[in-house]
Amino acid sequence: MADGGSSEREEDSPRGRLIVVSNRIPKGNDVPAGGLVHAIDDALRRTGGLWIGAGEPTDEAGSELTKIGDGAYERHTFAITHEEHDRYYLGYSNAVLWPLFHHRSDLLRIYERDFEAYVQVNRRVARAIARIAEPDDLIWIQDYHFLMVAHELRALGVANRVGLFLHIPFPTASEVMALPQVAMLPAWVAAHDVFGVQTRRDVGSVREVLREDPKCQILNDGTWVREGRVFSVLAFPIGIDAESFARDAQNASLPRLTLQGNAPLLLGVDRLDYSKGLVDRFEAFGQYLEHRDPDSPKPTFLQIAPTSRGDVDAYRDIREKLDQTAGAINGRHSELDWTPLRYVNRHVDRTVIAGLYRRADVCLVTPLADGMNLVAKEFVAAQDHEDPGVLVLSHFAGAAEQFQQALMVNPFDHHAFALAIDRALRMPLEERRERHAALRENVFTETIGWWTDAFLARLARAPRALDQIMRSI
Ligand code: ADP
């Protein structure tokens, strides 16, 4: 389970409500199936409490929360202006933190005013929480949009247990030097009781950064202390609702795919993001086509990648590059009755995706950097265990730590990647079954429910003071 920190302790505190903060929040009463939003909904139904997320941008932002919808727990939005949306969300969150944390310092767009908007929004959220939190409430912050909220809460005198889960990777100590606010980062992390990340590798990166701060000290049991505050940095690999996903995949009706005869289907499903390694994936597939046995069945690679964050420059650039690469590959390899690469730049319904996962012979999940990558887990859950397909997985996906039985690739090495595609397409049934069984075991055990419970249980018993730790070591 959680790794990289202190051992089990008995001293649970009484548990109050759960207060969750995430940028995205369902605005209507229907919570979409699957994914994080569903997991938060599920946790709140069990514990009671409230969920705070960003409202639709407006012209003016007041400090009050707005209650939305009704149901088993409360939902509130905090106000955000159009300018804050541009600067806090598109700017600092998605053009500074996102590229930096995905190891792409070359894509940083640093503007002081974007950071000021980030501070303003984080402070507004902290003040709103401070007004409503009761002493035993657990506060659970989601992701990189709110790295400063806990720090602001402490400044307001809020002593509740506060945890943050970071869904994206953590940068290394040298990468993080590119962040103008690098000196503040250890204090932001240390303001939480539990700072949760996806992988052991991320725990290592956080440690590297904290070690650079003379005020931070690590104890023998892996717990950290900074200016008298005790905190832990732990890995909680996020999972999916595997049962429900497998059911949806079995019941899904497939669109007509018009593949040649019984030709194999390779599948990619991603948001169109530079971290997903789509250009490298296309190029590796191009190399595979260059060298494939002309007598073997003609495979089709279907890549679904709807545009995301289209108003951030780097996303427009990757889209153009991908269009060009797909065009060049099809121009070179298509035949009158065969288009090897189908690139769908549109949103596709979740139930259709589930059906495609089940139908696919190979799934290519090859990001250059990724917190976890849920597509890898969804593909495994959706496949028929009697005759499973093959997961080709990048070393750089967070899922790689749990999924060593996938066919691992280095997405930058197009030649080796092309050989892996060939191997996946030829893999005998027995080997496919063996690999899939191991992956399946993990996906059905370490589910989204397991992840929520693990994080909240750890947060509820987080040690509050040094002497509590000393007694338990
Ligand atoms: P990220 O959170 O970076 O987008 P993940 O792989 O962890 O990456 O999660 C993506 C989620 O979005 C998965 O649940 C996946 O099924 C869904 N998804 C990805 N691409 C599409 C798409 N083209 N259409 C619909 N859903 C998608």
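Given the structure is predicted, the values throughout are model-derived calculations rather than measurements. As the structure lists them, so they are numbered: ligands from 1, and atoms in each ligand from 1.
The protein heavy atom nearest to atom 23 (N) of ligand 1 is Pro306 CD, 2.8 Å. Counting protein heavy atoms only, atom 5 (P) of ligand 1 is closest to Leu374 N, 3.5 Å. Looking at atom 4 (O) of ligand 1, its nearest protein heavy atom turns out to be Arg271 NE, 2.7 Å. The shortest contact between atom 21 (C) of ligand 1 and any protein heavy atom is with Val269 CG1, 3.6 Å.
Any N or O atom pair closer than 3.5 Å counts here, and Ile353 shares no such pair with ligand 1. Distances between N or O atoms of Asp370 and those of ligand 1 include no value under 3.5 Å.
Side-chain N or O atoms of Asn122 include one that pairs as donor or acceptor with a backbone N or O of His145 at under 3.5 Å.
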>> Does Leu153 form a side-chain contact (heavy atoms from CB on, under 4.5 Å) with Ile129? I'd like the steps, not just the answer.
In response: CA-CA 8 Å; Leu153 283 170; Ile129 297 172; 4.0 Å; yes

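Ring to ring, Phe165 and Trp140 are not that close: their centroids are 6.0 angstrom or more apart. The aromatic ring centroids of His414 and Phe417 lie 6.0 Å or more from each other.
Note: Tyr343 and Phe282 have perpendicular aromatic rings, judged against thresholds of 30 and 60 degrees for the angle between ring planes. The aromatic rings of Tyr357 and Phe379 sit perpendicular, their planes meeting at an angle over 60°, well past the 30° parallel limit. A tilted orientation is assigned to the rings of Tyr92 and Phe115, their planes being inclined by 30° to 60°. Ring orientation note: the planes of Tyr118 and Trp188 are tilted relative to one another, at an angle of 30° to 60°. Aromatic ring pairs are classed by plane angle as parallel below 30°, tilted from 30° to 60° and perpendicular above 60°; the pair Trp98 and Tyr144 is tilted.
Residue-ligand proximity, Val348 to ligand 1, at heavy-atom distances under 4.0 Å covers atoms 24 (N), 25 (C). Residue Val375 has at least one heavy-atom neighbour below 4.0 Å for each of these atoms of ligand 1: 6 (O), 15 (C). Atoms of ligand 1 lying under 4.0 Å from any heavy atom of Asn373, numbered from 1 in the order shown and given with element: 6 (O), 7 (O). Each of the following atoms of ligand 1 lies closer than 4.0 Å to a heavy atom of Ile304: 23 (N).
Remark: Glu116 does not engage Arg123 in a salt bridge, criterion side-chain N to carboxylate O under 4.0 Å.
In this structure, Lys276 is part of the shell of residues with a heavy atom less than 4.0 angstrom from ligand 1. In this structure, Tyr357 counts as a contact residue of ligand 1, since one of its heavy atoms falls inside 4.0 Å of the ligand. Ligand 1 is approached by Glu378 to a heavy-atom distance shorter than 4.0 Å.
Under 4.0 angstrom from ligand 1, there are no non-hydrogen atoms of Met372.
Within the 4.0 angstrom cut-off, atom 2 (O) of ligand 1 has no protein heavy-atom neighbours. Distance remark: protein heavy atom not present below 4.0 angstrom from atom 11 (C) of ligand 1.
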